[in-house]
Amino acid sequence: MADIKKEQEREELHRAIWAIADELRGAVDGWDFKNYVLGTMFYRYISENLESYIDCGEWEAGNTDFHYADMSDSDAEEARSGLVEEKGFFILPSELFCNVRKAAPQDENLNETLETVFHHIEESAKGSQSESSFAGLFDDYDVNSNKLGATVAKRNEKLVKLLNGVAAMDLGDVRNHDIDAFGDAYEYLMTMYASNAGKSGGEFFTPSDVSELLTRLGTVGKTKVNKVYDPACGSGNFLTETYLSLRKLENEVLRCSTDQISMDMEGIIQVSIGQFYGIEINDFAVTVAKTALWIAESQRMKETEDVVHMALDFLPLKSYANITEGNALRLDWESMVPKAKLNYIMGNPPFVGARMIVQGSQQKQELQDIFGNIKDVQDLDYVTCWYKIAAQMMAGTEIETAFVSTNSVSQGSQVPILWNVLLNEYHVHINFAHRTFKWNSESANKAAVHCVIIGFSCVDRKVKTLFSQGVGKKVENIGPYLVESGDYFVTAQKIALCGAPKMSFGNQPRDRSVGKVGFLKFVLLKSFEKRTFSNKAIIIGAHKSAKFFKTGLCQQVHFEA
């Protein structure tokens, strides 16, 4: 039932986003559009969060007719310092989302109004524990951009539609939702525009069900977690899902022991978002990840209140600094979180195939720098860089790593290159894995990606688990091809072990031409003629006939259009 509710909420959210996109079609491109939608969603969320917090406090005190949104700014100012201390930010009643939206159609200076509101929100957090959380929060929300319109009136028209569109989202009480609305919205927005933003960089954003699967696989049999690290955290799905899962378990423990809990709740809640660390290169994704964790903590705190039957102070968050903006392949991971305190590294690093990495590019240089001059480094996918750095981080520790990546890291020519380094230099063991599964996406232009999940560590678990199609099997060992076997891999050989003639190239369509005559060397036993098709010939409907002529040990293949 919960899954049905989750899907209904997700579909409703996607419909609302699509409706806004339809309203703004042609005015704002996809990359900027996501900034406006998510920025407005966050503005609505913190407004309603603060408004609800104040109203509930007044209602519980007996003032049942009180509504903060109706209060004068001058009266509200008296509570500013106390609210900043309790919540970490402050919004005047006139600057709440609901009031700005109500006045928007008649506000000829709406762009300036929003700019002022956003500046006030960021300024309100200065000097508080949450200052770093709000600094530059709305920097990407350009209310004066010509992309919104050539004139102020045109821009304001679009901003009114944007406010109304976000207001129409059926979010209800965000804390009671079964989905990470912001993370899900970010994923949906990115997949809507994946063809022009992100896809070329290998950024396929992680669906929540994949995040949940990896979290469950990685924490099986564990009773304690100190620090969790995602060195390619994107919009924070893995970190958020892991936090939610652990806090859910903690709430279950509290539910079973409520008779023993004192009225002093200090120290009762052991899992905090301060234990979750990440690196992300996209600045806006960093903001989304921070927001997602904030809302996740709010969700679970509400559940804890229901368990212990008392109100808990939801103090401003200090842990946003744990999400670092930067290139994970150029940063020192241990400077972010000491490995002595780290339990898990997990994530979904960028998918860029070896053949898609441009010669002389930054990605090619990073591969070279990380792997050095090992043989055939040019045949490694970009994601393997994260495997190598994780192995270095885990050396001599009990840290465990789990990555979602393309199944190419467990197939073909990459296996002996990558796993020779991991198995023989760093002595890692694959402790659990999920064999190939198809990546699911909401995008109209879905990425054709087949993935695996690989959990590895320098600690050799006695019992390992190999999953396929969601079903797990206990095995003694998992080999680098993700089968039950020893740690074996097949290396490339140009000379056959059985004395067969040399093969110069495998069966791969590489001719790139139609209507030309070409010659190839091949081994044949006798002459024959056969109709063949190249890759391009199949597409355009042409074909070639191949005539084979025996000329001793080495044969010639003559292709004619």
Side-chain angles (χ1 to χ4, degrees), residues 9-10 12-21 23-24 28 33-56 67-71 76 83 87-105 107 110-111 113-122 124-125 130 133-134 137-143 148 156 158-177 179-186 188-189 235 284 287-299 302 314 317:
E9 290 176 359
R10 182 174 287 119
E12 181 62 32
L13 177 64
H14 293 175
R15 279 195 295 269
I17 292 172
W18 185 257
I20 299 172
E23 284 282 0
L24 301 184
V28 183
F33 175 71
K34 71 173 176 52
N35 296 345
Y36 288 111
V37 171
L38 287 167
T40 306
M41 285 179 67
F42 184 66
Y43 172 39
R44 174 185 166 183
Y45 174 78
I46 60 174
S47 289
E48 293 179 353
N49 181 278
L50 182 67
E51 185 182 359
S52 175
Y53 177 80
I54 298 171
D55 287 351
C56 288
H67 293 284
Y68 181 66
D70 298 333
M71 197 175 187
L83 285 169
K87 298 294 290 180
F89 67 97
F90 178 76
I91 305 176
L92 290 166
S94 66
E95 296 183 343
L96 291 169
F97 175 85
C98 60
N99 286 333
V100 170
R101 181 207 165 212
K102 188 186 302 181
D107 187 352
L110 178 60
N111 58 326
T113 298
L114 286 171
E115 187 174 43
T116 300
V117 169
F118 296 157
H119 176 71
H120 285 170
I121 293 173
E122 292 178 9
S124 74
S130 59
S133 307
F134 284 86
L137 191 60
F138 295 100
D139 281 356
D140 293 316
Y141 198 117
D142 188 357
V143 295
L148 285 172
N156 288 341
K158 295 293 188 299
L159 289 170
V160 169
K161 290 179 178 179
L162 187 61
L163 291 170
N164 288 337
V166 171
M169 292 181 181
D170 185 20
L171 298 179
D173 184 347
V174 180
R175 295 185 302 174
N176 292 333
H177 263 231
I179 59 169
D180 166 17
F182 288 86
D184 192 81
Y186 185 65
Y188 183 64
L189 285 163
S235 59
F284 198 76
T287 300
V288 175
K290 293 175 178 179
T291 305
L293 282 168
W294 186 356
I295 295 172
E297 184 167 56
S298 179
Q299 287 176 324
K302 174 64 169 61
F314 181 42
L317 306 180

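Below, all heavy atoms of this structure are taken into account, side chains as well, without hydrogens, waters or symmetry copies. Fair warning: this is a prediction, and the values are worked out from it, not measured in the lab.
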| query | What closest approach, in Å, do Ala104 and Leu163 show between heavy atoms, and which atom pair accounts for it? | reply | CB-CD1, 3.9 Å

| note | In this structure, NZ of Lys87 is separated from CG of Asn49 (nearest 0.5 Å) by 4.0 Å

| query | In Å, rounded to the nearest 0.5 Å, how long is the span from CD of Glu48 to OH of Tyr43? | reply | 10.5 Å

| Intermediate values then yes/no, side-chain contact (heavy atoms from CB on, under 4.5 Å), Lys161 and Ile20 | CA-CA 7 Å; Lys161 290 179 178 179; Ile20 299 172; over 6 Å; no

| message | How long is the straight-line distance from CD1 of Ile54 back to CZ of Phe90, given to the nearest 0.5 Å? | response | 7.0 Å

| remark: For Ser47 and Ile91 the tightest heavy-atom approach is OG-CD1, 3.7 Å

| Considering all heavy atoms, the nearest Ala76-Met71 contact | N-CE, 3.9 Å

| Check: Val166 main-chain N/O paired with Arg44 side-chain donor or acceptor under 3.5 Å | yes

| Can any side-chain N or O of Glu115 pair as donor or acceptor with the backbone N or O of Val143 at less than 3.5 Å? | no

| Can you tell me how far CG of Leu114 sits from CG of Asp142, rounded to the nearest 0.5 angstrom? | 12.0 Å

| query | What distance separates Glu95 CD from Ser124 OG, expressed to the nearest 0.5 Å? | reply | 9.5 Å

| task | Please report the shortest heavy-atom distance between Phe134 and Gly88, naming the atom on each side. | result | CE1-O, 4.0 Å

| query | Any idea which heavy atoms bring Phe42 and Phe138 closest together, and the distance? | reply | CD2-CZ, 4.1 Å

| query | Rounded to the nearest 0.5 Å, how far does CG of Asp107 lie from NZ of Lys102? | reply | 14.0 Å

| note | Minimal heavy-atom distance between Tyr141 and Leu162, with the atoms involved, is OH-CD2, 3.2 Å

